[in-house]
Amino acid sequence: MDNPYPWLQDFINQVPEILQPIMVALVAAIPYIEGEGAAAFGIIAGINPIVAALAAITGNVLCVIAVVLLGSRIRGGVVARSAARSAAASPSAIGGSAYVTSTVATATASDAAGVSGSATADDDDTTRRGKGRAKLRRWLVRFGVPGASILAPIALPTMLTAAFFVASGVRKEWVILWQVVAIVLWTGAVAAAATGLLALLGW
C-alpha cells in the first residue's frame, strides 16, 4: 500500500536532523496529542521510532512537571490564604499556629472528600472533560494514584490529569512519578504499534 503521507516525510526531511526530535517534543506538549500522538506523528514522518518515542516522552514529561509544580504552588497559596483568613476571623477561638494547622488539614480533607466521589458540579457536566474528571475520581478511589494514573489517558490528557491530582491534594512527587510511568507506558505502546503497523503496510 502506498504511503498517503509523503508530503509529511518530505517536510520532515527538510528540517535539520538535530531539530526533528525537538519538533516531536513540541508536538507532545499539545494537550490531547501529547506523547502518544507525537510519537505516532514522528514515526509516520519517518523519524527513527526510538528517537521519536524518547522525544515525545521528554516533551510530555516536561509539560506535566511544569503543570504539577505550578498547580502545587497555586494550591499551597490558596490553602495558606484560607488559613490566614480563618485565623484572622476568629483569633481568640483557638491558638494561632494550632488553628492554622487545623484549617490546612480541613482544606486538605475537603479536597480528598471531593476526590472520593462526593457529588459536585463536575459529575453533572456533560462535556468530555467533566466526564473524564468523574472517571478519574472513581479510579482514584478504587485503584489509588498508581492505577488511576495509568488508566487516566483513557479519560483525560496527562496534563489535565496531573492538575486534577494536585488540586485533590496528592503529593506533587507522587503525581510526577506516576504520570511519568503512565507517559512512558502509553507512548511506548503507541510507538510500538505505529512501528508495527507501518511495517505491515509497507510504508
Side-chain angles (χ1 to χ4, degrees), residues 3-75 127-129 132-133 135-136 139-140 145-168 170-203:
N3 186 345
Y5 304 106
W7 58 270
L8 179 57
Q9 294 185 352
D10 291 340
F11 170 74
I12 292 297
N13 287 334
Q14 295 174 16
V15 177
E17 189 171 346
I18 194 173
L19 296 180
Q20 292 176 7
I22 297 176
M23 181 180 295
V24 173
L26 291 175
V27 172
I30 302 174
Y32 292 100
I33 295 180
E34 301 192 306
E36 303 98 286
F41 161 80
I43 293 169
I44 292 173
I47 299 174
N48 180 283
I50 296 177
V51 173
L54 290 176
I57 288 170
T58 300
N60 202 168
V61 166
L62 289 176
C63 282
V64 164
I65 290 175
V67 168
V68 170
L69 295 179
L70 179 61
S72 180
R73 289 191 62 179
I74 292 173
R75 185 179 185 279
T127 65
R128 177 180 176 183
R129 187 176 299 183
R133 284 195 294 261
K135 288 181 180 178
L136 277 182
W139 292 338
L140 189 55
V145 174
S149 295
I150 293 173
L151 291 173
I154 299 173
L156 283 177
T158 52
M159 297 172 208
L160 298 181
T161 300
F164 172 86
F165 286 158
V166 171
S168 300
V170 180
R171 287 176 52 210
K172 61 184 179 183
E173 297 84 1
W174 199 234
V175 176
I176 291 173
L177 171 63
W178 284 103
Q179 286 303 295
V180 169
V181 171
I183 290 169
V184 170
L185 289 177
W186 280 88
T187 303
V190 170
T195 302
L197 181 61
L198 293 186
L200 182 64
L201 295 175
W203 294 358

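In this text the structure is predicted, and so the values were computed from the model without any measurement. Each residue takes its place number in the sequence, starting with 1. The figures that follow rest on heavy atoms only: side chains count, while hydrogens, waters and symmetry mates do not.
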**Request:** Would you mind listing every salt bridge (Lys or Arg N to Asp or Glu O under 4.0 Å) that reaches into residues 172-194, with sequence neighbours excluded?
**Result:** Arg171-Glu173
**Residue pairs, two or more places apart or on separate chains, that pass salt bridge (Lys or Arg N to Asp or Glu O under 4.0 Å) and touch residues 45-54** = none
**Asked** Hey, are the side chains of Val68 and Phe165 touching, using non-hydrogen atoms and a 4.5 Å cut-off?
**Response** no
**Request:** Could you tell me the separation between the CG atom of Leu197 and the CD1 atom of Ile44, rounded to the nearest 0.5 Å?
**Result:** 8.0 Å
**Distance (rounded to the nearest 0.5 Å) between Thr58 OG1 and Ile183 CD1** = 10.0 Å
Which side-chain N or O atoms in residues 11-31 pair as donor and acceptor under 3.5 Å with protein atoms at least two apart or in another chain?
unit_1 : atom_1 : unit_2 : atom_2 : d
Asn13  : ND2    : Gln9   : O      : 3.0
Gln20  : NE2    : Ile12  : O      : 3.0
Gln20  : NE2    : Val15  : O      : 3.2

Among residues at least two apart in sequence or on other chains, which ones pass side-chain contact (heavy atoms from CB on, under 4.5 Å) with [X]?
{"X": "Thr195", "value": "Ile43, Pro49"}
{"X": "Ile65", "value": "Val61, Leu69, Ile176"}
{"X": "Leu185", "value": "Ile150, Val181"}

**Item:** Closest contact, heavy atoms only, Leu151 versus Trp139
**Value:** O-CZ3, 3.4 Å
**Prompt:** If every non-hydrogen atom of Ala40 is compared with every non-hydrogen atom of Val190, which pair is closest and at what distance?
**Reply:** CB-CG1, 4.2 Å
**Item:** With Arg73 via salt bridge (Lys or Arg N to Asp or Glu O under 4.0 Å) - residues at least two apart
**Value:** none
Does anything in [range] form a side chain to side chain donor-acceptor pair (under 3.5 Å)? List the pairs, not counting sequence neighbours.
{"range": "residues 151-167", "result": "Glu34-Thr158, Asn60-Thr158"}
{"range": "residues 39-50", "result": "none"}
{"range": "residues 175-188", "result": "Ser149-Gln179"}

